[in-house]
Amino acid sequence: MRRSMQWTGAALAAVTMIAACGGSSSTSNTPARTIARAPVASGDAQSAVVATKPSDSLRVIVNEDGAPLAGATVTWATTGAGAAVSPPTGQTDAAGLAATEWTLGRSSGSQTATASLGGASGSPVTFHATATPGPATNLTRLAGDGQTGIIGGSFPAQVKVAVTDQFANPILGATVHFVGTGGVTPINPVVLTDANGQAVTTVTGAAAAGVGGVTAAVAGIATPVNFTLTTANAVREVTVGAGIVFTSERNGGRNPAVDTISAGQGVLWRWAGGDHSVESTGAPSFPSSTISSSAGNLYVLTFGSAGTYQYDCAVHGISMTGRVVVR
């Protein structure tokens, strides 16, 4: 009985020694793999024009137990319209390095690409790039067309254009030239586009009634943008509404809005909203407008004779009044 127990103890000791040497143990040591950006010229943090390749390839290094690993399959990916990596997969070389070329997407701004290796620490590795807009190719009219203003006064809305590249990315710092026609005058004839690719200028009416305009042009863009602007036979403007109010745009007077002009000059009333009219009251009188609820509706009238002309709104009566003094 004692011998049997001694033999069993010896056998167990032998099994323990074999397991320690790796002979028959079920336990295995998994190699430690890591993936990271290459220590030199990794291709991270580059800048390039949209839809083009940055100058440097993207590069990663793969190690196993601290030593370069050859033959590991790295998967590359990127997102965004037009973005691509080539090749999308590749094996590491003897130095543990793998590389791909990155074509940036069509949208300007920050973009990313990744490199992945299954089971590796550090996966996925992220690369960053800044995509800049391409050359200015498009000039677009945004606002200010088809307006009517008064003689020598500012049109109510600024003339606005946008400059973009072929993928509609806004161009910062493009030079826009605004040229007036028919006596209409841009206050700022040369404007640089802002971060949204937009350029604006205030425009004043001509010295006499008539149709004029503004042309916006950018060097390198073949087709300019034209705005049609009409100068009414008026030297004063009154805003109608949107509440129960007439407001003189010259002096800010309200209910009554009071404006002084010379005989032969005119007044332009511009609706801001609400149901209103310009209704002559008392003597001397003048032709009244119809009732309108359309924002932007205009009523222009030239006063040929001196006198004080009173008016109100046919809808709101004495709650909404104005006066034109003609000398």
Side-chain angles (χ1 to χ4, degrees), residues 142-160 182-185 187 200-214 227-327:
L142 294 183
D145 188 36
Q147 298 183 81
T148 297
I150 63 175
I151 294 172
S154 297
F155 282 87
Q158 290 182 305
V159 165
K160 181 186 294 187
V184 172
T185 304
I187 297 300
V200 298
T201 184
T202 299
V203 183
T204 58
V211 178
V214 169
F227 297 79
T228 299
L229 303 170
T230 301
T231 303
N233 189 24
V235 294
R236 299 287 186 269
E237 181 175 330
V238 178
T239 298
V240 182
I244 303 174
V245 62
F246 287 112
T247 304
S248 168
E249 291 302 310
R250 182 175 181 84
N251 54 45
R254 311 176 73 183
N255 288 350
V258 179
D259 286 283
T260 301
I261 62 175
S262 299
Q265 294 180 329
V267 176
L268 179 151
W269 286 269
R270 189 188 308 275
W271 270 245
D275 290 330
H276 302 296
S277 77
V278 179
E279 177 187 48
S280 177
T281 60
S285 64
F286 60 86
S288 301
S289 77
T290 59
I291 296 172
S292 175
S293 60
S294 299
N297 181 61
L298 303 176
Y299 184 55
V300 179
L301 189 65
T302 299
F303 293 82
S305 302
T308 298
Y309 296 79
Q310 307 284 349
Y311 63 92
D312 65 11
C313 170
V315 178
H316 299 100
I318 61 173
S319 295
M320 186 173 174
T321 63
R323 182 165 65 246
V324 178
V325 179
V326 183
R327 295 177 176 173

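Counting begins at 1 with the first residue of the sequence. If you're wondering where the values come from, they're calculated on a predicted model, not measured in any experiment.
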[atom1]/[X] to [atom2]/[Y] distance, rounded to the nearest 0.5 angstrom?
{"X": "S292", "Y": "L298", "atom1": "OG", "atom2": "CG", "result": "9.5 Å"}
{"X": "T308", "Y": "R327", "atom1": "OG1", "atom2": "CZ", "result": "9.0 Å"}
{"X": "L301", "Y": "Q265", "atom1": "CG", "atom2": "CD", "result": "13.0 Å"}
{"X": "F286", "Y": "T302", "atom1": "CZ", "atom2": "OG1", "result": "12.5 Å"}
{"X": "L229", "Y": "D145", "atom1": "CG", "atom2": "CG", "result": "7.0 Å"}

- Query: Do any pairs count as a salt bridge (Lys or Arg N to Asp or Glu O under 4.0 Å) and have a residue in residues 260-278, sequence neighbours left out, and if so which ones?
  - Reply: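 Residue pairs with at least one partner in residues 260-278: E237-R270.
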- Would you find a donor on one side and an acceptor on the other, under 3.5 Å apart, between the side chain of D259 and the backbone of S248?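 Side chain of D259 to backbone of S248: no pair is present.
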- Message: With a 3.5 Å distance limit and no angle check, can you tell me whether S288 reaches the backbone of S280 through a side-chain donor-acceptor pair?
- Response: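 Between the backbone of S280 and the side chain of S288 there is a qualifying donor-acceptor contact (under 3.5 Å).
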- Task: Can you run down the ring pair (Phe, Tyr, Trp, His ring centres under 6.0 Å) pairs that involve residues 240-269, sequence neighbours left out, and say none if there aren't any?
- Result: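 Sorted result for residues 240-269: F246-Y311, W269-Y299, W269-Y311.
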- Could you point out which residue of V203, T204, V159 forms a side chain to side chain contact (heavy atoms under 4.5 Å, CB included) with I187?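 Considering V203, T204, V159, a side chain to side chain contact (heavy atoms under 4.5 Å, CB included) with I187 is found only for T204.
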- Considering all heavy atoms, the nearest T202-S154 contact: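 So the two residues come closest at CG2-OG, 3.8 Å.
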- Message: Under 3.5 Å, is there a donor on one side chain and an acceptor on the other for E249 and T239?
- Response: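 A pair is found: one side chain offers a donor N or O, the other an acceptor, under 3.5 Å apart.
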- Scan side-chain atoms only and decide if T281 and D312 contain a donor-acceptor pair under the 3.5 Å cut-off.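 Not at all, the side chains of T281 and D312 share no donor-acceptor pair under 3.5 Å.
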